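The structure appears right after this line, and notes come after that.
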Amino acid sequence: MINLTDLNPMQRLAVENTEGPLLVLAGAGSGKTRVLTYRVARLMENGVPAWKILAITFTNKAAREMKDRVLQLAGPEAEECWISTFHACCSRILRRDIEKLGYKRSFTIYDEDDRMTVLKQCLKALQMDEKQFPPKALRAVISDAKNKLLTPEEWFQQSDRSFRDRKTLEAFQRYETVLKENNALDFDDLLVKTLQLLADNPPVLEYYRDKFSYILVDEYQDTNAAQYELVKLLASQSRNLCVVGDDDQSIYGWRGADIRNILYFEKDFPDARVVKLEQNYRSTGNILDAANQVIAHNAGRKEKALWTEAEEGERVALYRALDERDEATFIAQMAEKLIRGGERPGEIAVLYRTNAQSRVLEEAFVRLGTPYRVYGGLKFYDRKEVKDLIAYMRVLANPDDDVSCRRVINEPRRSIGESTVDALAAYAAENGISLLAAAMAPEDAGLSSRARAAVSGFGELMLSLTEQLYESAPDRFLEEIIQQTGYVKALEEARDDESMNRIENIHELQGAVAEFMRLNPEGTVQDFLENVALVTDIDGMEESRGAVTLMTLHSAKGLEFDCVFLAGMEDGIFPLSRAMDEPEQLEEERRLCYVGITRARKRLFLSCAAQRLLYNSRSCNPPSQFISEIPPRLIQGAVARGAGPMRIAPAPGQGMRTSWRGAPEPTRAYNPREARSYGRDEGPYNPRAARVTEDSRPRDAAAPKKPDLSSIPGLRKGFGGPPDREVASVNLFRVGDRVSHRIFGEGTVVELSGEGAGQKVRVRFEGKGEKLFAANAAPLTKIR
DNA sequence: GGTCTGCAGCTTTTT
DNA sequence: GCTGCAGACC
């Protein structure tokens, strides 16, 4: 029996009104997730079978969290609920019935990179110039059209129908054809094809309508036309549809999300009940006040006033930095101070508008030795070596996938050059077979004898791996691929730092597969690939309690932290300059700011820089207009807007002063010469390696005066490995030391070579042979 | 025909 | 600071 007394009257209303359409307007921090989970539990308590419940969330992380909480409330039966993202839900529906649309069930899901590859291929075939028709722009047009449920032809009809549009149409059509030939769907197709499947196949629609008699949709303000139609289609029979959202947190307009979906819900369902959750349980009074004041500048909102019983708390701190480095130093030092004051690193977040801003921040954290973790940017699955191995798995699972086939046909190098591949592809096209099929039987493809031999070798390899596919679990299969293709062997032979790094990433991939198998013991290769396509790095978040979080504002949606820094609060950065002249876009930026502010429970820090180096040029930006939308009474050391590049000292006797007097090292006065030479004497710092850094120091280590980045220990996070693991400084290794490695287990250091950043450690592992590591990157723990 | 090296251009947010 | 491309080299 679930306990409804845990809920306030409004939350309770939202939970108990299980029948008919319901709109829950849930302000930030108002207990939205609680309502959703209790509602599912309540339904089950009322006798609704779990398998009749569909709950849709925006991220996989949110889905998993919700599932966990529902399981706690309602017991193991809840396992049968469908709780997933739109994309995962669609993928599941399509895996069952996509053959009705003329695809095979083994279809591949193409990511943005694959889309670009296909588009470039299309442009080439149509002899269109990439300069004239930038693939990125085409991708945007196509994605936009699909999100609006337009076919290429319909898109053209509503365009200007210029010559340009006509050419774009051709590329669009060809893109669709190529995807189909490759038995592949892009992200947007997952929604579009599901809709098509349901619309064209009444029995299938009936099945799902009947199955999902209760539907819940989270973050409804971020649904696009396709998602909206899908929900309507599925829910129109039972009408038991509960949507939860906050129009003030709609931040995905650029991705086709239509805020009107939530604003007009009551028009779509005139009998809908509306429940507003306005009590905020998350933030202090001052933080909430600041958020309310900022968002009040937007027009056309749903009437809503968030309030809290919490105390006022501290005021919002504002730091006006000289430049981006000064800002980053301030943030890192303040974070360090908070940690010393007892705050857990995982309760601190630094949020910024664009991924490009993360680098300077990272450098500052590295310099202070403060543990941090960057989310987004270059994703794990975007790394070349990881993509290559995934591409092997993909083409073996879906032999029609020419894009993946092309990717791996000469990786590692097997002397199959571009012209050979082109000839082979032409031969495949003539005979209506896939590239892989052609490679397996290249005798009549008209290749030179040398080329034919190389291709045959590849074909035989793939044939042998195909046989493995049906016999092996994902981990074993990946192992076979690595062995038979000689991928790692080729890297080992290269012997440079980069290759060692790549080998490490491959081990992380193996770790990821192992973790997947732990969670899905029955999972197939196909299931794993699906997981890879639909799961992002952000989803693995909870594993990093021991590190400060660095991420974009968009990624932070749905998360909360005790202390939040909003960095780069400058006009031109946030709001972005391209959004400043467009009222609608400016409002979306403002909502993003609202999302950022409301992530904070206890403390909020805003910072801006008088000048900054971004996109290769130095620019001077005034403080963000959003800062001036917060009343000065809520700000510590408040400053007038446009007060010039001087740093504003904190007002006397106010918290700001005390809070940063104790920082490890006072921020230095600005010195242009010094600013120019910054970063020069720091050695071969590799931010790419640092991206996967976590918990990068022993907790009690003092911040080094003169930073030597090559000695920063433990430059890797074990993918899916245990959290908060501390790694000893590798530069202290000596021959004979006993060390431990996450994948290889325990071993002994047998050789040290190279100097500084190029230093290598050779370790002999029991039963696993010898491995060579880059000393500054190896995840080796010294054991006594 | 294949591979390697050096240089230019580009960077909003993501399921 | 990474990717893509052109040109040189094998």
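Because the structure is a prediction, the values reported are computed rather than measured.
Taking the six-membered ring where the residue is Trp, A:Tyr228 and A:Tyr220 present tilted rings, their angle falling between 30° and 60°. Ring-plane geometry between A:His554 and A:Trp254 is classed as perpendicular, the angle between the planes exceeding 60 degrees on a 0 to 90 degree scale with a lower cut at 30.
A:Asn183 places no side-chain N or O within donor-acceptor distance of the main-chain N or O of A:Tyr103, the cut-off being under 3.5 Å. Put simply, the side chain of A:Arg353 never gets that close to the backbone of A:Leu576: no donor and acceptor are under 3.5 Å apart.
Regarding A:Arg450, its CZ atom lies at a distance of 16 Å from the P atom of C:dC10, rounded to whole Å. Rounded to an integer number of Å, the gap from A:Tyr228 OH to B:dT15 P is 25 Å. Rounded to whole Å, the distance from CZ on A:Arg359 to P on B:dT11 is 15 Å. Taking atom CD of A:Glu418 as the reference point, atom C1' of C:dG4 lies 12 Å away to the nearest angstrom. Atom CD of A:Glu582 and atom C1' of B:dT12 are 15 Å apart (whole Å).
No N or O donor and acceptor, one from the side chain of A:Trp254 and one from the base of B:dT12, sit under 3.5 Å apart.
With sequence neighbours excluded, the residues that form a side chain to side chain contact (heavy atoms under 4.5 Å, CB included) with A:Arg413 are A:Asn410, A:Glu411. With sequence neighbours left out, the side chain to side chain contact (heavy atoms under 4.5 Å, CB included) criterion links A:Val141 to A:Trp155, A:Thr168. Judged as a side chain to side chain contact (heavy atoms under 4.5 Å, CB included), and not counting sequence neighbours, A:Glu584 has no contacts.
Within the 4.0 Å cut-off from OP1 or OP2 of B:dT15, not a single side-chain nitrogen or oxygen of A:Asn224 is found. The phosphate of B:dC4 has OP1 or OP2 within less than 4.0 Å of a side-chain N or O from A:Arg413. The side chain of A:Asn355 places an N or O atom within less than 4.0 Å of a non-bridging phosphate oxygen (OP1 or OP2) of B:dT14. When the side-chain nitrogen and oxygen atoms of A:Ser555 are compared with OP1 and OP2 of B:dT14, one or more of them lie within a distance under 4.0 Å. Between A:Lys136 and B:dT11, a side-chain N or O to OP1/OP2 separation shorter than 4.0 Å is present.
At a non-hydrogen distance threshold of 4.0 Å, A:Ser419, A:Thr420 from residues 419-428 of chain A come into contact with DNA chain B.
Of the listed nucleotides (B:dT14, B:dG2, B:dT12), B:dT14 has the atom at the smallest distance from the side chain of A:Thr552.
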Could you pull out every donor-acceptor pair under 3.5 Å between side chains of residues 189-197 of chain A and any protein atom, sequence neighbours left out?
unit_1: A:Asp189; atom_1: OD1; unit_2: A:Lys146; atom_2: NZ; d: 2.7
unit_1: A:Asp189; atom_1: OD2; unit_2: A:Lys146; atom_2: NZ; d: 3.2
unit_1: A:Asp189; atom_1: OD2; unit_2: A:Asp186; atom_2: N; d: 3.2
unit_1: A:Thr194; atom_1: OG1; unit_2: A:Leu190; atom_2: O; d: 2.5

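Evaluation of A:Tyr252 against the base of B:dT14 yields no stacking contact (centre distance < 5.5 Å, interplanar angle < 30° required). Stacking of the aromatic ring of A:Phe86 onto the base of B:dT15 is not found under the criterion of centres within 5.5 Å and planes under 30°.
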Determine, step by step, whether A:Tyr252 and A:Phe58 satisfy the ring-ring contact (aromatic ring centres under 6.0 Å, His included) criterion, reporting the C-alpha distance in whole Å, the side-chain angles of both residues, the deciding distance to 0.1 Å, and the verdict. CA-CA 11 Å; A:Tyr252 284 96; A:Phe58 199 69; 4.9 Å; yes

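Both A:Leu592 and A:Gly417 sit near DNA chain B, but only A:Gly417 has its closest nucleotide nearer the 5' end. Remark on DNA chain B: of its neighbouring residues A:Ile416 and A:Glu588, the 5'-side contact belongs to A:Ile416, judged by nearest-heavy-atom nucleotide.
At the heavy-atom level, A:Glu112 lies under 4.0 Å from base atoms of the strands shown.
Each of A:Val408, A:Ile109, A:Asp114 was compared with A:Arg394 under the side chain to side chain contact (heavy atoms under 4.5 Å, CB included) criterion, and only A:Asp114 meets it.
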Just to be sure I follow the notation: if a pair is Watson-Crick (purine N1 to pyrimidine N3 plus N6-O4 or O6-N4) or a G-U wobble (N1-O2 and O6-N3), each under 3.5 Å, what dot-bracket string does DNA chain B give, with | for pairs to another strand? |||||||||......

